[in-house]
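Let me begin by presenting the structure, written as structure tokens, before commenting on it.
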Amino acid sequence: MTRVRARAPGRVNLIGDHTDYTGGLVLPMAIQQATTVEGRLGGDRVVLRSDRDEEAVVPLDVAEPATIEPRWARHVAGVVAALRPRSGLVGDVRTTLPLGAGLASSTALEVAVALALGVTGAGRSALELALVLQRAEQAASGVPCGVMDQLASLAGIAGHALLIDCSSLAVVPVAVPDDVEVAVVNSGQRRELATTAYAIRRQECEAAAALVGPLRNAALADVDGIAEPVLRRRARHVVTENARVLAFVAAIATGDVAAAGALMTASHVSLRDDFEVSTPRLDALVERLSATPGVLGARVTGAGFGGCVVFLCRPGTPVAGRRVRPAAGATVDRG
Ligand code: GLA
């Protein structure tokens with residue numbers, strides 16, 4: 001039986017949150033923390049042992065991924081249901097990612113399972129696989145997520161973040177300068193309410209777009225004309241966040257890392273006040289980091305409601321936080 005080992009990184013999003021599912025702009029980077037699936041192909045089930053939980057046992061004809069136990073096995077089942085591989089797999093899963101902390105641990109698992117099952121053949125591009133795995137994640141978790149995490153994990157480039165245009169799905173590598181460090185702090189806050197709240201935010205963006213057209217093309221003046229205050233704030237976040245992503249890319253291209261940091265902090269304020277996906281604990285972390293000499297900017301990263309804060313600092317700044325480096329995307333070895 002063929003041996004296989006697939007490794008898929010998590011990601012940290014530098015700027016551009018809650019924009020992907022509106023066709024907006026995001027700037028994630030794959031990170032060195034990753035999930036590995038290692039085992040032998042064969043059989044009619046995917047059986048994965050984990051050192052964190054009970055094993056996942058998923059038949060190849062699994063029908064309803066969202067009902068599988070233990071819960072982490074739903075992500076395995078989502079991939080199996082989306083890809084219908086011909087062969088099963090028996091092996092182990094290990095991860096160096098914190099789970100459920102806004103660094104795309106579930107996506108890393110899904111990407112690693114998909115690559116291990118050998119579904120990259122038949123000319124499937126990273127983009128096509130990302131779109132299939134976006135549906136797998138939606139089926140597994142019930143969260144109507146965008147495609148940022150899957151693309152970041154599959155298409156990551158060492159030393160670079162990825163500017164993704166979620167309308168065209170064009171991906172442009174953006175070099176991360178050497179004179180800054182990127183770091184994360186885990187708030188330790190669990191994201192129980194995230195599933196419903198995320199879905200509501202997405203619906204609110206759709207309702208705003210029904211009034212002013214695609215938010216990607218909307219101007220602030222259009223948004224100011226939305227009478228309903230919640231929809232107005234949600235749309236204002238998306239429109240200003242898209243502009244901040246472009247301004248951030250321009251700032252780091254010219255070496256203005258102070259401006260880039262300020263844009264991250266402005267992004268946090270927008271996610272806190274207009275999009276309302278922050279929490280008092282995340283706000284306190286961002287405030288403390290922003291007031292630390294050498295820290296250029298800080299913000300919640302990913303879906304919010306808990307999870308991690310990402311910050312940018314001058315190299316060697318004595319501030320606690322796990323340093324993350326822009327890493328290459330997922331890989332698979334066989335034989
Ligand atoms: C989660 C989703 C992504 C994206 C972020 C918020 O990570 O999986 O698609 O919407 O939240 O930017």
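Atoms within each ligand, like the ligands themselves, are counted from 1 in listed order. Every value quoted in this text rests on a predicted model; they were computed, and no experiment measured them.
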For residues 61-72, run the donor-acceptor check on the side chains, cut-off 3.5 Å, and write out each pair with its distance to 0.1 Å, sequence neighbours left out.
unit_1	atom_1	unit_2	atom_2	d
Thr67	OG1	Glu64	O	2.7
Glu69	OE2	Arg74	NH2	2.9
Trp72	NE1	Glu54	O	2.9

Inset, instruction - Enumerate the protein residues lying less than 4.0 Å from ligand 1, judged by heavy-atom distances, in chain and residue-number order. - result: Arg11, Asp17, His18, Asp20, Tyr21, Cys145, Gly146, Met148, Asp149, Tyr198, Gly302, Ala303

Inset, instruction - Could you point out which residue of Arg233, His237, Arg201 forms a side chain to side chain donor-acceptor pair (under 3.5 Å) with Glu276? - result: Arg233

Name every donor-acceptor pair, under 3.5 Å, that has one atom in a side chain of residues 139-146 and the other anywhere in the protein, sequence neighbours excluded.
unit_1	atom_1	unit_2	atom_2	d
Ser141	OG	Glu137	O	2.8
Ser141	OG	Glu137	OE2	3.3
Ser141	OG	Val143	N	3.1

Inset, instruction - Kindly assign one of parallel, tilted or perpendicular to the pair Phe305 and His18, based on the angle between their ring planes and the thresholds 30° and 60°. - result: perpendicular

Output side-chain donor-acceptor pairs under 3.5 Å for residues 173-186, partner residues at least two apart or in another chain, one line each.
unit_1	atom_1	unit_2	atom_2	d
Glu181	OE1	Arg323	NE	2.7
Glu181	OE2	Gly316	N	3.4
Asn186	OD1	Gly188	N	2.9

Inset, instruction - Inspect the contact between Asp274 and Arg232 and indicate whether a charged nitrogen and a carboxylate oxygen are less than 4.0 angstrom apart. - result: no

